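A quick write-up on the structure given underneath.
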Amino acid sequence: MGRGKIAIQRIDNSTSRQVTFSKRRKGLIKKAKELAILCDAEVGLVIFSSTGKLYEFASTSMKSVIERHNTLKEEHQQLLNPSSGVKFWQREAAILRQQLQNLQENHRQLMGEQLYGLSAKDLQNLENQLEMSLRGVRMKKERILTDEIQELSRRGNLIHQENVELCKKVNLIRKENMELYKEVYGTRDLNASGGNALNSYGFSFGEGSHVPVHLQLSQPEPQTCNTSSTDKD
């Protein structure tokens with residue numbers, strides 16, 4: 001035989017009432033979860049026991065569910081009663097005007113204007129607020145300057161490395177110029193001239209010199225024949 005139909009009425013026995021509440025509450029919360037998952041619905045459930053204990057479930061958050069409920073309820077009432085909608089927006093406009101006025105007054109006080117009527121405690125709070133703002137500005141400025149210094153240091157290191165590489169290339173070019181001069185004029189002329197000939201052709205081998213090296217080759221001067229002695233013979 002099946003279970004008898006339970007009469008929907010208050011259960012007099014407190015123990016049975018508590019057991020039934022616990023079972024039905026769990027089942028109701030389970031159904032709410034299933035509804036939210038299966039139907040992609042936003043569900044909010046609030047339960048108060050007979051002893052005043054709160055049980056709740058929200059698929060997102062209870063605060064967002066309540067705010068959405070209140071907003072939709074107000075919109076629905078505005079559609080049904082246009083005059084109430086006008087009053088609602090009038091209240092909203094008044095609130096926004098008051099907030100704007102408070103912000104303007106606060107801004108003037110931060111600028112040191114309209115300080116009359118402020119107590120010593122209010123002035124101290126204003127001073128603390130200014131000090132906190134100034135501390136934040138200085139910290140931001142310090143971070144920016146530190147980043148710029150680090151960037152300049154990094155660039156300086158790169159320029160130094162490039163300078164070292166260029167010095168190596170200049171020294172290599174000097175050695176190549178020396179070898180080329182030896183091949184063209186021979187080591188005897190190089191030793192006899194004491195390096196003056198190299199300087200005359202644009203070769204500079206002084207240590208520490210950073211003058212750009214230019215390779216210049218000049219044609220040897222033609223030797224003139226002594227025709228007078230030949231004629232006498």
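What you see is a predicted model; the values in this text were computed from it and never measured.
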Point to revise | Test side-chain hydrogen bond (donor to acceptor under 3.5 Å, both in side chains) applied to N125 and Q129, step by step | key: CA-CA 6 Å; N125 293 334; Q129 185 177 357; over 6 Å; no

Practice item. Please collect all ring pair (Phe, Tyr, Trp, His ring centres under 6.0 Å) contacts where either partner lies in residues 28-64, sequence neighbours excluded, each pair once. Key: F21-Y55

Exercise for review: Report the residue from I66, N70, L72 that forms a side-chain contact (heavy atoms from CB on, under 4.5 Å) with R68.
Suggested key: L72

Point to revise | Matching residue for T20 among I11, N13, T15 - test: side-chain contact (heavy atoms from CB on, under 4.5 Å) | key: I11

At their closest point, which heavy atom of [X] faces which heavy atom of [Y], and how far apart are they?
| X | Y | answer |
| --- | --- | --- |
| V65 | V43 | CG2-O, 4.2 Å |
| E42 | S64 | OE2-OG, 3.6 Å |
| S59 | A41 | OG-O, 3.7 Å |
| R17 | D12 | NH1-O, 3.2 Å |

So how far is it from [X] [atom1] to [Y] [atom2], rounded to the nearest 0.5 Å?
| X | Y | atom1 | atom2 | value |
| --- | --- | --- | --- | --- |
| L45 | K33 | CG | NZ | 10.5 Å |
| S133 | L110 | OG | CG | 7.0 Å |
| L35 | D40 | CG | CG | 10.5 Å |
| L145 | I149 | CG | CD1 | 6.0 Å |
| S153 | L158 | OG | CG | 9.5 Å |
| E127 | M132 | CD | CE | 13.0 Å |

**Study point:** I47 side chain near K53 side chain, heavy-atom distance below 4.5 Å
**Key:** no

Check your understanding: Is there a chain of hydrophobic side chains (I, L, V, M, F, W, Y, each step under 4.5 Å between heavy atoms) that links M62 to L54?
Key -> yes

Point to revise | Cluster link V46 to I29, ILVMFWY, side chain under 4.5 Å | key: no

Practice item. Could you list all the side chain to side chain donor-acceptor pair (under 3.5 Å) pairs where at least one residue sits in residues 141-152, not counting sequence neighbours? Key: E151-R154, E151-R155

Identify each donor-acceptor pair in which a side-chain atom of residues 96-107 lies under 3.5 Å from a protein atom, sequence neighbours left out, and give them as a table.
residue : atom : partner : partner atom : Å
Q98     : NE2  : N102    : OD1          : 3.2
N102    : ND2  : Q98     : O            : 3.2

